[in-house]
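Reviewing the structure listed below.
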Amino acid sequence: MNRTELADFLRRGRARLTPSDVGLAPGARRRTPGLRREEVAQLAGMSVDYYTRLEQRRGPRPSRQMLSALARALRLTVDERDHLYHLVGEEPPRRETASTHVSPGLMLILDRLVDTPAQVLTDCGEVLAQNAMARALTHDVMSRPRPERNLVRLYFLFPDARGLFPPEDRPDHARAHVANLRAVTAARPDDPEPAALVAELRAGSEEFARLWDAHEVSMRHRATKRFLHPVVGLLDLDCEVLLSHEHHQLLVVHTARPDTESYERLRLLRVVGLQDMASPAV
């Protein structure tokens, strides 16, 4: 671990960003350019003391999960992310598989979507980043252990995760999850991740195994979804999907049509949504 180079790289990465670059309010006038240490720590989900020690060349060796969080917080490119891993003495994630590093372009869009729920997923269903509205709608998935951030695994192995959907809609969601995963598995036959997820779900869920054997195929695309939120009630939302083929990632955005009851409820969610609603993750 090259502590001196790591500290310099973190400081320079922080200095080149502004609060608006990462979706934060500008706040009071700043004496120096760039983000504050506490802002980077907040974005990465770590303590300010931990991040400060890294910049002061005296911090402990970050875990791979922490490196991934730092790369997202500092909006690093893939090459910069790999350099970060090398400075710590870690092998960067393989590039030929689905990347868990959110591209700066997708993060730029996500940071600017402040009034509608949006999140970035891998094509296998792992949540990589959420904005505040997405956390308000579907809970803070990023706070869960990494295996539980996968929406397909959550849906079939954690029954409480279905509580956000009306009961009559749940069979359609199950079929859509399985059909998408089958398409991804066929498209990436040399990638062990989709195949391992399929094997796990076939062994752990009779419903998944039955739907898998039906051999339906469909990628994620535009749709209308209904959400049962514990505070604001039922929301009918349009689901738009933007693809990043290079990284096998999707930006999923939920919007409500103007002049509808769901539109007003989504506005209410923005007001109350920063509170912890303890709603299930989906």
Side-chain angles (χ1 to χ4, degrees), residues 20 22-25 102-103 105-142 149-152 154-155 160-181 183-184 216-245 248-282:
S20 61
V22 296
L24 297 176
V102 183
S103 68
L106 285 184
M107 287 300 300
L108 183 67
I109 298 172
L110 185 68
D111 290 335
R112 280 154 176 74
L113 295 173
V114 297
D115 60 352
T116 190
Q119 55 190 9
V120 178
L121 317 172
T122 68
D123 55 4
C124 284
E126 180 179 349
V127 178
L128 303 178
Q130 296 176 289
N131 67 3
M133 285 292 287
R135 293 192 294 271
L137 179 64
T138 63
H139 193 56
D140 186 1
V141 179
M142 295 300 296
R149 297 177 195 171
N150 186 285
L151 301 188
V152 188
L154 276 174
Y155 199 86
D160 291 346
R162 302 186 178 201
L164 199 57
F165 297 123
E168 59 271 24
D169 295 354
R170 295 170 192 172
D172 288 338
H173 287 290
R175 286 196 299 272
H177 277 311
V178 177
N180 177 78
L181 185 56
V184 172
E216 293 186 28
V217 180
S218 176
M219 299 297 288
R220 296 181 187 271
H221 52 76
R222 187 184 187 280
T224 299
K225 293 182 180 180
R226 298 196 301 165
F227 293 86
L228 274 176
H229 193 273
V231 175
V232 303
L234 183 67
L235 299 102
D236 286 273
L237 302 179
D238 291 328
C239 174
E240 300 284 352
V241 179
L242 287 74
L243 301 177
S244 175
H245 293 287
H248 304 292
Q249 293 174 359
L250 308 90
L251 175 63
V252 180
V253 182
H254 292 97
T255 60
R257 299 176 185 178
D259 301 322
T260 64
E261 193 170 7
S262 292
Y263 182 82
E264 295 304 320
R265 289 177 177 175
L266 196 61
R267 292 180 63 188
L268 176 61
L269 181 64
R270 184 180 180 188
V271 175
V272 302
L274 296 182
Q275 305 172 21
D276 183 8
M277 301 301 179
S279 55
V282 183

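From a predicted model like this one, the values you see are computed outputs, not experimental measurements.
The closest donor-acceptor contact from the side chain of R135 to the backbone of Q130 lies under 3.5 Å. Side-chain atoms of R270 never come within 3.5 Å of backbone atoms of T116 as a donor-acceptor pair (strictly under, hydrogens ignored). The backbone N or O of T224 lies less than 3.5 Å from no partner atom in the side chain of D236, so there is not a single donor-acceptor pair. Listed for the D123 side chain is no donor-acceptor partner under 3.5 Å among the backbone atoms of V184. Of the possible polar contacts, none joining the H177 side chain to the G125 backbone as a donor-acceptor pair under 3.5 Å is found.
Between H254 and F227, the angle of the ring planes goes over 60°, which puts this pair in the perpendicular group of the 30/60° scheme.
Side-chain contact between V127 and L151 is present, with heavy atoms from C-beta onward closer than 4.5 Å. Side-chain contact between V252 and C239 is present, with at least one heavy-atom pair separated by less than 4.5 Å.
How far CG of L154 is from OG1 of T138: 10.0 Å, rounded to the nearest 0.5 Å. Rounding to the nearest 0.5 Å gives a distance of 9.0 Å between CG of L235 and CG of L164. To the nearest 0.5 angstrom, M142 atom CE is 7.5 Å from E126 atom CD. The distance from the CG atom of L237 to the CG atom of L137 is 6.5 Å, given to the nearest 0.5 Å.
Here P166 pairs with E168, D169, R226, L228, L234 under the side chain to side chain contact (heavy atoms under 4.5 Å, CB included) rule; sequence neighbours left out. A search for side chain to side chain contact (heavy atoms under 4.5 Å, CB included) contacts involving R267 returns Y263, E264, not counting sequence neighbours. For R170, the salt bridge (charged side-chain N to carboxylate O under 4.0 Å, His left out) test picks out no residue, with sequence neighbours left out. Residues passing the side-chain hydrogen bond (donor to acceptor under 3.5 Å, both in side chains) test with R149, sequence neighbours excluded: none. Judged as a side chain to side chain contact (heavy atoms under 4.5 Å, CB included), and not counting sequence neighbours, the contacts of L242 are L251. The side chain to side chain contact (heavy atoms under 4.5 Å, CB included) test applied to A176 returns no partner, not counting sequence neighbours.
Considering all non-hydrogen atoms of both residues, A118 and L110 come closest at O-CD1, 3.4 Å. Between A136 and H229, the shortest heavy-atom contact is O-NE2, 2.9 Å. The minimum heavy-atom distance between R265 and V232, with the atom names listed, is CD-O, 3.3 Å.
Listed by first then second residue, pairs satisfying salt bridge (Lys or Arg N to Asp or Glu O under 4.0 Å) with a partner in residues 107-122 read R75-D111, not counting sequence neighbours.
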